[in-house]
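See below for the structure under consideration.
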Amino acid sequence: MSKRFNLDIAFRFQTKNSSVQVYYLLEHKSETWNFSNIQILSYMLAIWEENIKNKRSLEPIIPVVFYHGKTNWDKM
């Protein structure tokens, strides 16, 4: 991958009865940021670009943001 991304953690799961894999993308935030949704989308796009590059189906991605800042989250 030519781009560098600093996502916190991502897990790939495969079910026992199916070949479908689901990606859980976990991101921790300690501050609010107006473009967090764009940041998450860029991580998702990087994963999908890897799927395409490796001739795999696009994996469903469930993004989860954990916010632990001092102010209220009002950005997404």
Side-chain angles (χ1 to χ4, degrees):
M1 198 180 324
S2 61
K3 299 175 190 171
R4 180 179 157 94
F5 293 96
N6 294 312
L7 71 120
D8 288 336
I9 193 164
F11 297 99
R12 178 186 287 151
F13 293 94
Q14 185 168 356
T15 65
K16 201 176 211 181
N17 301 325
S18 173
S19 62
V20 174
Q21 294 188 349
V22 177
Y23 229 104
Y24 283 93
L25 187 142
L26 306 177
E27 178 70 12
H28 291 90
K29 293 286 184 199
S30 59
E31 297 178 355
T32 61
W33 184 45
N34 287 333
F35 300 104
S36 294
N37 52 351
I38 302 298
Q39 179 185 29
I40 298 298
L41 182 60
S42 70
Y43 296 155
M44 294 171 69
L45 182 59
I47 292 167
W48 289 326
E49 287 174 339
E50 280 294 307
N51 290 155
I52 292 167
K53 177 181 165 187
N54 293 313
K55 296 180 175 40
R56 293 191 312 249
S57 298
L58 297 182
E59 298 170 323
I61 301 171
I62 300 172
V64 178
V65 176
F66 291 102
Y67 174 66
H68 52 88
K70 295 183 180 179
T71 60
N72 288 336
W73 180 270
D74 62 356
K75 299 300 179 198
M76 285 168 80

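Index from 1, following the sequence.
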>> If you compare all heavy atoms of N51 against all heavy atoms of E59, which two are closest, and at what distance to 0.1 Å?
In response: OD1-N, 3.1 Å
> Any side-chain heavy atom of L25 sitting closer than 4.5 Å to one from I62?
Replying inline: no
> Under 4.5 Å between any side-chain heavy atoms of Y24 and I61, yes or no?
Replying inline: no
> Cluster question for you: counting only ILVMFWY and a side-chain heavy-atom cut-off of under 4.5 Å, with indirect links fine, are L41 and I47 together?
Replying inline: no
> Where do E27 and I40 land on the side-chain contact (heavy atoms from CB on, under 4.5 Å) test, with the steps shown first?
Replying inline: CA-CA 8 Å; E27 178 70 12; I40 298 298; 3.7 Å; yes
> Take atom CG in N54; do more than 12 heavy atoms of anything else shown fall under 6.0 Å from it?
Replying inline: yes
> So I52 and L58, side-chain contact (heavy atoms from CB on, under 4.5 Å) or not? Walk me through it.
Replying inline: CA-CA 7 Å; I52 292 167; L58 297 182; 3.8 Å; yes
> Parallel, tilted or perpendicular: which describes the rings of F66 and H28, with under 30° parallel and over 60° perpendicular?
Replying inline: parallel
> Which value, rounded to the nearest 0.5 Å, describes the distance between T32 atom OG1 and K70 atom NZ?
Replying inline: 13.5 Å
> Under 4.0 Å between a Lys/Arg side-chain N and an Asp/Glu carboxylate O for E31 and K29?
Replying inline: no
